[in-house]
K.L.:
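Questions regarding the structure given below will be posed in turn.
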Amino acid sequence: MTKILFTDKLESCVERWRSAGMTVIGPVQRANSSVYDAVKSASELDLNLVLADRSIKELFFPQSEPMLRYTITKSEINTSDFKAPSGPRIIFGARACDASGLAIDDPLFGWDYKDEYWFQRRNETVIVTIACTKADEFCMCTSLKLAPDSTKGSDILLRPLENNKGWLVEELTDRGREAFKAVADLLQEGSDPAAATVNVPVKFDADACAEWLKNPENFDSRFWKEISVRCIGCGSCTYLCPTCHCFDIQDEGGSFDGIRRKNWDSCSFALFTMHTSGHNPRATQSARWRQRIMHKFNYFPGKFSANSCSGCGRCTRECPVDMGITETLQEISKLSQ
Amino acid sequence: MSKIGVFICHCGENIAAKVDCTRLASALGDHPGVASSIEYKYFCSDPGQESVKKAIRDNNLTGVVVAACSPRMHEATFRKACAEAGLNPYMCEIANIREQCSWVHNDGEKATDKAIDIVRSMVEKVKRNNTLQPIEVPVTRRALVIGGGIAGIQAALDIANAGQEVVLVEREPSLGGHMAQLSETFPTLDCSQCIMTPRMVEAAQHPKIRLLTYAEIESVDGYIGNFQVKVRLKARYVNKSTCTGCGECITKCPSKKIASEFDCGIGRRTAIYTPFAQAVPNIPVIDKNNCTYFKNGKCKICVKSCPLDCIDFGMQDEFEDLEIGAIVVATGFQVQNNALYGEYGYGKYQDVINGLQFERLASASGPTAGKIQRPSDGKEPETVVFIQCAGSRDPSKGVKYCSKICCMYTAKHAMLYAHKVHGGKSRIFYMDIRAAGKGYDEFTRRAIEEDEAGYLRGRVSKVWLENGKLMVRGVDTLLGKPVEVAADMVVLATAMIAQPDAKEFAKTIGIGYDEYGFYNEAHLKLRPVESSTAGIYLAGACQSPKDIPDSVAQASASASKVLALFSKEKLEREPVIAVNNESTCAGCWGCVLACPYDAIEKKDIKDRSGKVIKRVASVNPGLCQGCGTCVTFCRSNSIDLAGFTEKQIFAEVMGL
Amino acid sequence: MSEPFEPKITAFVCTYCTYAGADLAGTSRLKYAPNVRIIRLPCTGRISPMFILKALQKGADGILISGCHPGDCHFTHGNYHARRRWMVFRALLSFSGIPEERIKYSWISAAEGLKFADLINSITEDIRKLGPFDQYHQLIEETQAQASL
Amino acid sequence: MSIEQQYRTRAKELLASGEVKMVIGYGPGSTADRRRPLFITSPEECDRFVLDSACITNLSGYLVTEGLLSDGKRVAVFLRPEGVRALNVLAAEAQLDPDQIVIIGFDAPKGELKALQGSTVDDFTYLLAALKDVTPEIAGEQLLEKIEKMSPEERFAFWQQEFSKCIKCYACRQACPMCYCRRCIVDSNQPQWVNTSSHTLGNFEWNIVRAFHLSGRCVECGNCDRACPVNIPLRLINRKMAQEVLDSFNHFAGTSKTQEPVLASFKKDDSETFIL
């Protein structure tokens with residue numbers, strides 16, 4: 001017997017959480033695009049998506065975060081800090097890849113300087129992940145040794161029932177348990193069978209790729225140019241990626257005051273590494289794409305013992321020129337044989 | 001770190017009465033980057049300027065904002081003061097809190113708030129000003145004078161007499177312009193040709209003047225000190241270099257009934273002709289439209305008559321390119337066509353003529369050899385009615401402005417008529433008598449008192465022919481009664497208008513013009529002889545209606561401007577010009593197309609081996625006038641305008 | 001009672017015509033509303049659409065762009081270029097929901113001090129009637145606040 | 001022979017004869033309905049080209065890739081009519097020498113593939129001129145009408161919501177053949193006209209500026225619209241602006257390689273009814 005959350009009780013859960021002061025967040029449609037956003041009612045949620053267009057990363061690491069306000073007076077410059085918005089939150093309906101992405105980025109945001117914006121939100125957010133029963137041709141979590149029902153990064157894992165009337169509840173963390181205690185009376189014990197998780201085929205051999213990437217000879221391989229010749233250098237893959245975490249700090253404002261902001265930045269952009277002198281160490285798009293792959297599958301694992309990729313496939317799904325990590329690692333897999 | 005000095009001028013009471021200057025000074029004193037903020041009664045005064053200089057030295061100011069009157073007033077004053085104190089003059093800006101603040105607002109509180117905004121915004125601009133150095137451009141010391149009337153001749157002679165080269169271009173076959181057509185001139189009644197022709201000859205023979213008659217300006221390119229002018233030398237069909245002006249051809253020419261332009265249609269000329277007997281140069285031209293040979297392919301009488309074989313029907317227009325440093329435009333005026341006053345009967349009755357035609361009648365060299373005769377039957381008119389303001393000061397049918405010379409020449413006409421036709425009666429309908437000028441009012445008094453010119457204050461409503469008389473009906477507003485005069489001749493004091501092609505020509509040479517086609521001066525009062533385009537000056541009636549003394553004075557003034565320009569080998573120009581960032585320029589050439597001055601060129605950027613890597617835009621500082629149209633076009637913000645940079649404007653907006 | 005709404009209006013003008021016209025309004029001692037802040041440019045050709053966006057970003061409720069009448073441009077055709085840009089930019093702003101009434105364009109010559117004063121008064125009143133540009137101000141306020149989630 | 005086959009052969013010949021050094025076309029994509037840009041330099045590989053109605057991306061932007069044409073050699077490219085228009089605009093704006101480009105023209109009206117005759121931009125002049133009078137059909141045409149009927153407040157709210165989604169990935173810019181600037185104005189930070197931050201205000205400014213920079217230049221190939229990962233209907237803005245310059249200045253972008261840019265030219269009698 002396991003706890004079951006039936007679909008028809010979800011609305012009451014949302015109400016309960018909200019009345020307990022939690023912000024309830026889930027996948028919703030916003031002007032023809034799916035995104036995780038705060039909801040007032042469960043009816044707003046779109047839980048039938050394979051995956052929302054945008055990842056839950058931005059709930060922890062928003063595209064533009066104010067850090068401090070400065071005012072310039074004649075004699076001094078005054079600053080006041082911005083905090084991340086506080087208060088408990090619950091993300092209902094995350095996917096395993098997205099939740100894993102958070103766990104992948106946790107050490108990055110905490111290794112030398114503990115990024116308070118990230119961790120405040122992490123600590124105050126319960127992540128309720130729903131295991132995937134469907135996938136599309138771009139999904140590749142299994143290639144990254146994750147799965148449609150990976151628990152990494154999640155506080156609660158919900159497994160859809162076979163009859164599609166609810167979810168089996170697996171409480172993974174204390175934070176998750178705490179949140180579900182508030183709705184304990186809305187859950188039912190039951191033995192309804194869970195639907196099978198979707199079978200996501202393995203598309204490349206991540207270990208073999210890692211070995212190939214570690215080989216210094218391959219840094220200057222012609223491969224990089226060939227694989228990226230059609231890359232147009234936009235940032236959509238990096239911005240939609242649940243693990244890409246680069247940011248830029250910009251002062252925005254007028255002559256007398258302004259706000260220092262932490263904005264997403266992308267290694268795909270030519271300006272990303274542009275020096276003041278005009279010299280650009282990554283002068284070509286192929287060097288930038290190489291950096292992205294190297295970072296995710298060589299440098300990052302070297303430092304944090306995990307690939308900086310959770311296999312969501314958004315990079316390929318949204319690429320204007322049909323590129324992406326899958327193709328590149330498939331090709332590297334071939335080369336490494 | 002900026003150290004800006006803010007100087008708040010009370011302008012006596014002009015600013016201080018409305019703007020709380022103490023509050024303003026203290027607000028700016030608290031402004032970031034302001035090192036000194038002081039107020040004073042008159043900063044433009046000597047002690048005021050001294051205090052600015054002192055503040056610059058004492059505080060090592062990096063920039064200055066003078067909050068005072070319009071920059072159009074004293075920007076130059078304060079920039080000069082800054083330069084004297086060792087600060088680059090372009091680090092000084094004016095915040096206009098008089099014309100655009102204290103004078104126009106009633107509420108002192110709000111005016112002060114606005115003044116604070118204005119000055120703060122300007123401080124933010126100045127913080128981002130760059131030191132600029134005046135641009136030096138070489139000067140071609142050769143002047144072009146366009147128009148061979150009295151103004152053009154005077155300008156050409158003045159410049160040439162100072163030792164500088166002049167090219168004098170006249171589109172008619174001879175020098176002379178309108179002045180050569182006049183009989184006597186007011187207020188002295190000396191013979192126009194007697195004083196004009198010697199000047200024409202002097203100009204033609206001056207070693208420093210190159211005379212190009214029967215020539216027109218095709219195009220003007222370049223900029224002050226460096227104009228490239230293309231001149232079309234119209235085909236005269238007479239060889240200039242061999243013709244001696246013997247006049248045989250003119251005498252023999254069978255087409256003799258062509259209305260003479262010089263005689264305003266009253267006299268006749270031949271198809272091969274000089275406009276008048278004293279023409280300079282005395283070389284005839286063939287009027288292609290009226291020449292029998294050109295029309296029918298037969299005749300060639302002139303060819304046969306010419307002892308030196310100068311006639312060449314195959315002659316073509318030629319073009320000549322000139323390098324010019326400065327241009328004087330003296331293209332003159334035209335008289336309005338009076339046919340637009342149907343009620344006056346001009347064009348309908350032969351004996352209704354205009355003032356210029358009367359000049360020809362009165363001229364000793366004219367078609368009647370100076371006898372006043374009616375064009376219709378050659379009779380001496382016993383009564384002549386002169387109608388002033390026939391076109392001038394008439395917004396409904398004519399022109400709004402006063403043509404300035406008509407009052408005087410009408411008085412002169414009345415006097416000439418009285419002198420030539422004893423017992424002749426003149427009646428002058430006038431609105432006002434405008435006779436301001438040396439000896440002018442005395443002149444009109446003389447006409448009235450000595451020569452019995454009969455002035456009637458009022459307008460004429462109708463002229464009609466009745467029993468061989470021109471009946472003129474008008475009103476005498478002083479008596480408050482209608483009057484009718486039976487006249488033998490009516491003379492209309494026609495409005496002076498711009499040349500019919502004045503606007504087109506202005507575009508060719510690149511100067512501004514007003515709604516009438518008169519050329520705009522750079523400043524009505526302070527720069528009355530300069531056009532809006534640097535290096536192009538104005539003389540005579542092309543700018544506005546003028547009499548001879550005014551035209552000559554302006555011509556000499558223009559000449560002095562030209563000579564001042566020619567006094568140095570190089571010219572200093574305001575450094576407010578566009579500058580391109582070649583590293584970000586995408587080379588789309590939008591700026592090249594948008595530039596009104598063709599000041600942007602394409603430049604190849606080469607690598608070390610000389611291979612062209614890319615082509616970018618490059619601004620020619622000599623040509624650029626600093627409008628900034630290119631800057632706005634540039635999508636990548638590569639081009640910027642010194643003095644009004646993107647950074648500066650941005651700061652101004654952000655400073656508000 | 002709260003203070004009546006005082007619109008904030010930014011004007012971008014060319015120095016040869018409209019700025020001179022504004023000076024003439026001053027020398028003629030004409031009176032007009034104190035709500036407009038003028039930025040002087042050499043020519044309308046220099047007035048970039050960016051300026052309009054920036055003024056809006058600084059919280060302007062209305063904007064005036066003004067220069068020489070066609071044919072009068074000191075730089076012969078800067079205003080003709082400007083006119084095309086305005087035409088296009090105006091359509092774009094309108095399509096984006098920025099009311100056309102908030103951004104005005106005019107030709108004011110150096111001789112039209114009266115026109116300048118009248119225009120400033122009428123624009124100020126028009127914008128006052130429209131009220132503050134709340135929709136845009138809301139965007140600005142968002143940039144001043146902490147992240148929403 | 002299918003058009004695809006003909007064009008593979010043509011590509012092969014072009015490469016084999018040395019007339020071009022590269023052919024830019026389409027290859028199969030990562031899924032059955034996707035096509036991706038393909039760059040082929042050897043004749044043997046030309047059979048990899050795919051051509052069908054799913055080949056939509058306007059490839060002309062690749063022609064201005066830095067260094068591609070600097071050796072003076074020629075490149076062939078598969079282009080739809082709007083691609084040829086884009087090529088004309090690029091030529092008119094001196095970004096490339098059109099003589100270096102061999103066009104392999106095609107179109108797929110209503111999903112039906114057809115070959116277009118000609119190989120230089122001039123060969124297409126007649127075809128392009130005819131397009132001027134045809135209002136292109138775009139997805140969401142009703143939406144455009146709806147927006148135009150909205151009150152300014154509603155329009156503002158509509159775009160506010162659309163632009164609030166923008167993440168400033170600049171996929172629209174990068175996908176656009178007209179966005180060839182070496183430094184985009186949004187990347188200029190002294191001064192920073194466009195807020196780089198991706199808040200709604202910054203997004204609004206960015207999209208307005210881009211739309212303005214494309215006015216009179218956009219050929220409505222739809223690259224930006226398709227590239228947008230958050231589905232902002234950019235095509236509507238571009239449609240609106242293209243119509244505006246057509247109505248106001250009778251300008252239809254990309255009809256010839258020497259066309260004057262509409263915003264770098266003027267007519268003295270341009271409309272000015274809106275100017276007080």
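A, B, ... follow the sequence lines: proteins, then strands. Residue 1 opens every chain. Reckoned from all heavy atoms, side chains included, excluding hydrogens, waters and symmetry mates.
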K.L.:
Spell out, with a plain yes or no, whether C/C68 and C/C73 have SG atoms under 2.5 Å apart.
P.N.:
no
K.L.:
Taking the ring of B/Y513 and the ring of B/F505, is the distance between their centroids below 6.0 Å?
P.N.:
no
K.L.:
With a 4.5 angstrom heavy-atom cut-off, which part of B/N14 approaches chain C: side chain, backbone, both or neither?
P.N.:
side chain
K.L.:
Relative to chain B, which of C/M50, C/R40, C/H74 shows the most heavy atom pairs under 4.5 Å?
P.N.:
C/R40
K.L.:
How about B/K507: does its NZ atom have over 12 heavy atoms from other parts shown lying under 6.0 Å from it?
P.N.:
yes
K.L.:
Flag the one option from C/C43, C/P34, C/A117, C/S48 with the top tally of heavy-atom pairs under 4.5 Å to chain B.
P.N.:
C/P34
K.L.:
Please step through side chain to side chain contact (heavy atoms under 4.5 Å, CB included) for the pair C/R85 and B/T629, ending with a clear verdict.
P.N.:
CA-CA 11 Å; C/R85 292 170 188 148; B/T629 299; 3.5 Å; yes
K.L.:
Just so I understand: if I count every heavy-atom pair under 4.5 Å between each of C/I120, C/T10, C/L41, C/T44 and chain B, which residue has the most?
P.N.:
C/L41
K.L.:
Among B/Q625, B/K114, B/E646, single out the residue with the greatest number of heavy-atom pairs under 4.5 Å to chain C.
P.N.:
B/K114
K.L.:
Non-hydrogen atoms of chain B under 4.5 Å away: do they reach the side chain of C/K58, the backbone, both or neither?
P.N.:
side chain
K.L.:
Please classify the contact of C/Y80 with chain B as side chain, backbone, both or neither, using a heavy-atom distance under 4.5 Å.
P.N.:
neither
K.L.:
Only pairs of heavy atoms separated by less than 4.5 Å count here; which of B/E99, B/K110, B/R98 has the most with chain C?
P.N.:
B/E99
K.L.:
Counting only heavy atoms closer than 4.5 Å, note whether C/I39 contacts chain B via side chain, backbone, both or neither.
P.N.:
both
K.L.:
For C/D61, which of C/K8, C/H137, C/R102 qualifies under side-chain hydrogen bond (donor to acceptor under 3.5 Å, both in side chains)?
P.N.:
C/H137
K.L.:
Return the orientation label for the B/F518 and B/Y401 ring planes: parallel under 30°, perpendicular over 60°, tilted otherwise.
P.N.:
perpendicular
K.L.:
Heavy-atom cut-off 4.5 Å, strictly under: side chain, backbone, both or neither for C/A20 against chain B?
P.N.:
both
K.L.:
Checking heavy atoms, do the side chain of B/Y597, its backbone, both or neither come under 4.5 Å from chain C?
P.N.:
side chain
K.L.:
Could you tell me the separation between the CD atom of B/E515 and the NE2 atom of C/H69, rounded to the nearest 0.5 Å?
P.N.:
10.5 Å
K.L.:
Is B/R120 salt-bridged to B/E124, cutoff N-O under 4.0 Å?
P.N.:
no
